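The structure appears right after this line, and notes come after that.
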Amino acid sequence: MCELMGMNASVPTDICFSLTGLLRRGGHTGPHKDGWGIAFYEGRACRTFHDPAPSAHSPIAEFVRSYPIKSRIILSHIRRANRGRVSLENTHPFTRELWGRAWTFAHNGQLRRAKKLPLSSARPIGTTDSEHAFCWLLGRLHQTFGDKAPSDEKLQAMLAGLVEEIAHYGVFNILMSDGRTLFAFRSTNLVWLTRRDPFRPATLVDTDLTVDFARHAAPSDIVTIIATRPLTRNEEWQSVPKSALIAFRDGEMILPRSAKRAIKAVPLPGAVPCP
């Protein structure tokens, strides 16, 4: 299986701290040695880096980790290949254009017979079931709404149905964004936390590194991190609700009022205990 990490923030923020922990899992503290990638949104554009080499030993990863690119939405992925050979074209996150927006997608899991899903406007470049599913998703969105982007509520409702349909093919933990919103869907493993004032120190699980966010963040900053497994050992991570599409904008969860009430009324599987 692969691992995912995403960030959504109220202001442009660097991901260096969390990325340091994730990249060590790519061939050092974890077995995900079959490539890695990251996408940073900057306005309407998306800056991406990919490398089929293990992230723990990748010069590109070291460059990205040490270069504080700031963004409000970031997606990253470290790969342990199960479908599709280890190659650049099979390295997540994948990117396509729809409605004048750069869409990015990263997937953790394995899908059975998902390549039987019929494609239309979007086509894969590589051979993974993940990219095929992404192209199917975008094609269905375009078939449904045409050349004009729908309202946020209609888009989220449609996406929720589509990702649930794909999840029937196997394990489908995903992060996806159009540059405005960060979407997350959990089949098995996906956790999240939101950092806000009062900010506190956090220590990574995969290396002895601590950052006191109170020294680096303004009181109005809001930053949400989503990952396959907790990246820090002294913060309370919550599980993303199973088989539910959630969405974040400006660091905050955005859901229809009824869905928000439902998530608050039913406890999540709980804060992930500190290791």
Side-chain angles (χ1 to χ4, degrees), residues 1-9 13-40 48-71 73-82 86 91-93 106-109 171 173-175 182 184 186-195 199-217 223-240 268-275:
M1 291 287 187
C2 309
E3 290 208 23
L4 306 171
M5 184 187 70
M7 184 196 78
N8 179 255
T13 304
D14 75 64
I15 196 72
C16 295
F17 175 69
S18 297
L19 189 62
T20 297
L22 180 75
L23 294 178
R24 288 181 65 82
R25 296 177 181 179
H28 185 79
T29 61
H32 312 88
K33 59 181 178 56
D34 299 321
W36 75 280
I38 190 167
F40 301 86
T48 61
F49 297 87
H50 297 86
D51 191 348
S55 61
H57 311 293
S58 166
I60 298 175
E62 180 60 27
F63 163 75
V64 173
R65 189 192 65 78
S66 61
Y67 186 72
I69 301 172
K70 294 192 174 183
S71 173
I73 298 180
I74 298 171
L75 281 77
S76 189
H77 179 279
I78 52 174
R79 186 179 184 220
R80 187 178 185 185
N82 50 43
V86 177
T91 306
H92 307 223
H107 167 225
N108 161 31
V171 176
N173 304 298
I174 68 164
L175 294 176
L182 178 62
R186 169 193 165 220
S187 285
T188 54
N189 300 310
L190 207 58
V191 297
W192 66 284
L193 64 78
T194 298
R195 296 184 181 121
F199 291 95
R200 296 179 175 85
T203 302
L204 290 174
V205 171
D206 296 271
T207 186
D208 188 19
L209 178 63
T210 299
V211 167
D212 184 357
F213 287 104
R215 299 177 58 185
H216 301 278
V223 179
T224 290
I225 304 293
I226 307 174
T228 299
R229 295 183 291 129
L231 294 164
T232 55
R233 65 178 71 252
N234 57 340
E235 296 180 288
E236 290 191 351
W237 293 77
Q238 291 183 302
S239 292
V240 170
L268 298 177
V272 178
C274 298

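Owing to the predicted nature of the structure, the values given are computational and were not obtained by experimental measurement. For this chain, numbers begin at 1 and follow the sequence in order.
- Among all heavy-atom pairs drawn from V64 and F40, the shortest one is CG1-CZ, 3.7 Å.
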Decide yes or no on side-chain contact (heavy atoms from CB on, under 4.5 Å) for L190 and L4, but give the supporting numbers first.
CA-CA 8 Å; L190 207 58; L4 306 171; 4.0 Å; yes
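- Residues V191 and P230 approach most closely at CG2-N, 3.7 Å, considering heavy atoms.
- Note: W192 CH2 to L182 CG = 12.0 Å, rounded to the nearest 0.5 Å.
- Each of R25, R24, R233 was evaluated against D206; a single residue qualifies, R25, per the side-chain hydrogen bond (donor to acceptor under 3.5 Å, both in side chains) test.
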From CA spacing to verdict: side-chain contact (heavy atoms from CB on, under 4.5 Å), I225, I15:
CA-CA 9 Å; I225 304 293; I15 196 72; 3.8 Å; yes
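- Separation of atoms OG (S58) and CG (L23) is listed at 8.0 Å; rounding is to 0.5 Å.
- With a 4.5 Å cut-off on side-chain heavy atoms, K70 and D14 count as touching.
- In this structure, F17 and L231 have side chains that are not in contact, with every pair of non-hydrogen atoms separated by 4.5 Å or more.
- For the pair H50 and P93, the minimum side-chain heavy-atom distance is below 4.5 Å.
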Assess whether side-chain contact (heavy atoms from CB on, under 4.5 Å) is satisfied between R229 and N189, documenting all intermediate values.
CA-CA 7 Å; R229 295 183 291 129; N189 300 310; 5.7 Å; no
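- Between the side chains of D51 and T91, no donor-acceptor pair is found at a separation under 3.5 Å.
- The nearest pair of heavy atoms linking P52 to V86 is O-CG1, 3.7 Å.
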Does T232 form a side-chain contact (heavy atoms from CB on, under 4.5 Å) with L193? I'd like the steps, not just the answer.
CA-CA 10 Å; T232 55; L193 64 78; 4.3 Å; yes
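- Annotation for L204 and G21: closest pair CD1-N, 3.8 Å, computed over non-hydrogen atoms.
- In this structure, M7 and S18 have side chains that are not in contact, with every pair of non-hydrogen atoms separated by 4.5 Å or more.
- Between the side chain of N173 and the backbone N or O of S187 there is at least one donor-acceptor pair closer than 3.5 Å.
- Closest of all the heavy-atom pairs between H92 and A106 is ND1-CA, 3.9 Å.
- Counting heavy atoms from C-beta on, the side chains of I38 and I69 never come closer than 4.5 Å.
- A heavy-atom distance below 4.5 Å is found between the side chains of R186 and S239.
- The two residues I78 and S55 come nearest to each other via the heavy atoms CG2-OG, 3.6 Å.
- Listed for the N8 side chain is no donor-acceptor partner under 3.5 Å among the backbone atoms of T224.
- Annotation: side chain of D212 is not in contact with side chain of T210 (no heavy-atom distance under 4.5 Å).
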